[in-house]
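Shown next, in structure tokens, is the structure this report addresses.
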Amino acid sequence: SLAKRHKFWETQPVGQFKDFGDRSLPEGPIEAPTPLSEVKQEPYNLPSQYEWITCDMDSEEMCNEVYNLLTSNYVEDDENMFRFNYSKEFLQWALRPPGYFRSWHIGVRAKSSKKMVAFITGVPARIRVRETIVNMAEINFLCVHKKLRSKRLAPVMIKEVTRRVHLENSWQAAYTAGVVIPTPITTCQYWHRSLNPKKLIDVGFSRLGARMTMSRTIKLYKLPDQTATPGFRKMEPHDVPAVTRLLRNYLRQFVLSPDFDENDVEHWLLPKENVVDSFLVESPETHEITDFCSFYTLPSSILGSQNYTALKAAYSYYNVSTKTPLTQLMNDALIVAKRKDFDVFNALDVMHNETFLKELKFGPGDGKLHYYLYNYRIRRVLRPSELGLVLL
Ligand SMILES: CCCCCCCCCCCCCC(=O)CSCCNC(=O)CCNC(=O)[C@H](O)C(C)(C)COP(=O)(O)OP(=O)(O)OC[C@H]1O[C@@H](n2cnc3c(N)ncnc32)[C@H](O)[C@@H]1OP(=O)(O)O
Ligand SMILES: CN(C)Cc1n[nH]c2ccc(-c3ccc(F)cc3OCCn3ccnc3)cc12
């Protein structure tokens, strides 16, 4: 990626590869905000046969259109064996957090067929970078139909969402990607913990280990039926204030993290069937809430198997351990995920996750996830353990 030209990204206010390691450049915004009157008022030009649409995710029909585009054209693994299959209820949750802007849910439709051919979204988020709180847009779900790839449509999508974010007086963004573009602030490794090894091997997600039989493999990943931690229970609405206090205090140790308030915790972390699960440890003696763990539900379509069409995957979200050892807490999360019939539990090596990955029998994934900031320079690349942010 150092030799490659990035004709679009070289024009953008992001860290450039040529500036990599230049400690003289100050940390903070790269460009000053533009006066709102000077922000381009009209949308960027599209090829004449296409038109912009603002996607009202409250509308069942629009939500279906978004789902149908993503389910056939969104992110696949490097071997094109799996494709993310975000559910409709997940998309509605991901795109309508407190303070969201419908104008940041942007689609492109072919005028003739009325078919959606591209999508990109932003949601507002207060992100702390060291001691500074920045109002950012979290950019996600960038998707161009497979038939319209490599036509430079992505830069137009990105410029349009940037323009609409600017119109709401917001000048920074955070995003992640499996591709390397200028310039990652950190690069994370993802890990997988088998819960249903027989299915994972059958569909080619995992391979039988050397000198391992299937029955030995099933035994290796077997989990107890019951969780081990006294006071471990599902999070409930009345827990929001205590979980907010616990999580805010825990996230302070990371260089980059969300600045969640109670409204954010209520939206992002209260359990939602088929979308997000969250648990906490309430001390049986003091009734104090001492620990928290959560994971979100993101199935992948299986592209080439006769026996299965979907891989049910849980993704580690935010976890806090102050009394229960993190490894024991996460083992309880694995037990609950297995009970809920997940096939695999995924985790990035962010926050303190690398302390439990090997002991809980996670195996390394085959790719990396790079984190990016738009219009905000940081002094040096971060270690994954300095990152307290998980994007969906
Ligand atoms: C202040 C507010 C600021 C808000 C905005 C902040 C920035 C937000 C940025 C977005 C964050 C999204 C985060 C997110 O959604 C999570 S990452 C998931 C992205 N989506 C997918 O991978 C789905 C499958 N792939 C596709 O749909 C297409 O391949 C896409 C649409 C990815 C590219 O379409 P294409 O037909 O394959 O390609 P062209 O149109 O010909 O364009 C080529 C140019 O696009 C650059 N490119 C390729 N993939 C990219 C990616 N994932 N991020 C950023 N840039 C990406 C590429 O480097 C090149 O530029 P360069 O020549 O300079 O290298
Ligand atoms: C984060 N969010 C922006 C979606 C996103 N975009 N690009 C990605 C590249 C990797 C991961 C990822 C993150 C954590 C993880 F455990 C496995 C992952 O991908 C496995 C490969 N894969 C892709 C599709 N089906 C399987 C997510 C993403």
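Read the numbers this way: they start at 1 and go in the same order the structure lists the ligands and their atoms.
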Residue [X] vicinity, atoms of ligand 1 by number, heavy atom under 4.0 Å:
X	value
Ser150	35 (P), 36 (O), 41 (O)
Ile181	53 (N), 54 (C), 55 (N), 58 (O)
Trp171	1 (C)
Cys143	27 (O)
Lys7	61 (P), 62 (O), 63 (O)
Ala173	2 (C), 3 (C), 4 (C), 6 (C)
Phe141	15 (O)
Leu153	40 (O)

How does [X] reach ligand 1, by side chain, by backbone, by both or by neither, if only non-hydrogen atoms under 4.0 Å count?
X	value
Glu10	neither
Lys151	backbone
Phe8	both
Asn375	neither
Tyr175	side chain
Ile120	neither

Item to complete: Could you tell me how the ring of Phe279 sits relative to the ring of Phe232: parallel (under 30°), tilted (30 to 60°) or perpendicular (over 60°)?
Response: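 Taking Phe232 first and then Phe279, their aromatic rings lie parallel (interplane angle under 30°).
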
Worksheet item: For the residue pair Trp104 and Phe101, does the interplanar ring angle fall in the parallel (under 30°), tilted (30 to 60°) or perpendicular (over 60°) class?
Response: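 Geometry flag for Phe101 against Trp104: tilted rings.
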
Output yes when the distance from some N or O of ligand 1 to some N or O of [X] is under 3.5 Å, and no in every other case.
X	answer
His6	yes
His166	no
Trp9	yes
Ala154	yes

Worksheet item: Considering Leu369, Ile139, Val144, Asn140, which one's heavy-atom position lies nearest to atom 8 (C) of ligand 1?
Response: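 Considering heavy atoms of Leu369, Ile139, Val144, Asn140, the nearest to atom 8 (C) of ligand 1 sits in Ile139.
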
Discussion item. Given Thr176, Val165, Val75, identify the one with the heavy atom nearest to atom 17 (S) of ligand 1.
Written reply: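 Nearest heavy atom to atom 17 (S) of ligand 1 lies in Thr176.
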
Please determine, by modelled atom types, if [X] and [Y] share a side-chain donor-acceptor pair under 3.5 angstrom.
X	Y	answer
Arg164	Ser103	no
Asn346	Tyr315	yes
Gln328	Thr229	yes
His352	Gln253	yes

Return the closest protein heavy atom for [atom] as residue, atom name and distance.
atom	result
atom 6 (C) of ligand 1	Tyr374 CD1, 3.6 Å
atom 49 (N) of ligand 1	Val179 CG2, 4.2 Å
atom 19 (C) of ligand 1	Leu142 O, 3.5 Å
atom 42 (O) of ligand 1	Pro155 CD, 3.4 Å
atom 37 (O) of ligand 1	Arg149 CD, 3.9 Å
atom 5 (C) of ligand 1	Thr162 OG1, 3.4 Å
atom 62 (O) of ligand 1	Arg152 NH2, 2.9 Å

Are [X] and [Y] close enough that some pair of their side-chain heavy atoms sits under 4.5 Å apart?
X	Y	answer
Lys338	Phe345	no
Tyr371	Leu348	yes
Val276	Phe295	no
Gln189	Glu354	no
Val179	His370	no
Arg233	Asp239	yes

Discussion item. List the residues meeting salt bridge (charged side-chain N to carboxylate O under 4.0 Å, His left out) with Lys146, not counting sequence neighbours, and say none if there are none.
Written reply: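 Once residues adjacent in sequence are excluded, the partners of Lys146 under the salt bridge (charged side-chain N to carboxylate O under 4.0 Å, His left out) criterion are Glu76.
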
Protein heavy atoms: any of them under 4.0 Å from [atom]?
atom	answer
atom 54 (C) of ligand 1	yes
atom 30 (C) of ligand 1	no
atom 2 (C) of ligand 1	yes

Fill in: ring pair (Phe, Tyr, Trp, His ring centres under 6.0 Å) evaluation trace for His192 with Phe205
CA-CA 10 Å; His192 311 293; Phe205 182 92; 4.9 Å; yes

Fill in: Cluster check Phe141, Val108: I/L/V/M/F/W/Y, side chain < 4.5 angstrom
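No, separate clusters.
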
Fill in: NZ or CZ of Lys358 within 45° of Phe362 ring axis and under 6.0 Å
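Lys358 over Phe362 ring: no.
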
Worksheet item: For Phe20, what are the other residues in its hydrophobic cluster, where any two members join if their side-chain heavy atoms are less than 4.5 angstrom apart?
Response: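 Reading the cluster by chain and number, Phe20 sits alongside Val381.
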
Discussion item. Among Lys199, Lys198, Lys312, which residue satisfies the side chain to side chain donor-acceptor pair (under 3.5 Å) criterion with Asp343?
Written reply: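 Answer to the side chain to side chain donor-acceptor pair (under 3.5 Å) test with Asp343 among Lys199, Lys198, Lys312: Lys199.
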
Practice prompt. Could you list all the side chain to side chain donor-acceptor pair (under 3.5 Å) pairs where at least one residue sits in residues 61-70, not counting sequence neighbours?
Written response: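 Sorted result for residues 61-70: Asn64-Lys88, Glu65-Arg109, Tyr67-Asn85.
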
Write out each pair where an N or O from ligand 2 and one from the protein are under 3.5 Å apart, with the distance.
from, atom 1, to, atom 2, distance (Å)
ligand 2, 2 (N), Leu392, O, 2.9

Worksheet item: Counting only N and O atoms by type, is there a donor-acceptor contact under 3.5 Å from the side chain of Ser257 to the main-chain atoms of Phe254?
Response: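 The answer is no, because no donor-acceptor pair under 3.5 Å joins these two groups.
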
Worksheet item: Can you tell me how far the CD1 atom of Ile181 sits from the CZ atom of Phe17, to the nearest 0.5 Å?
Response: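 One gets 8.0 Å once the value is rounded to the nearest 0.5 Å.
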
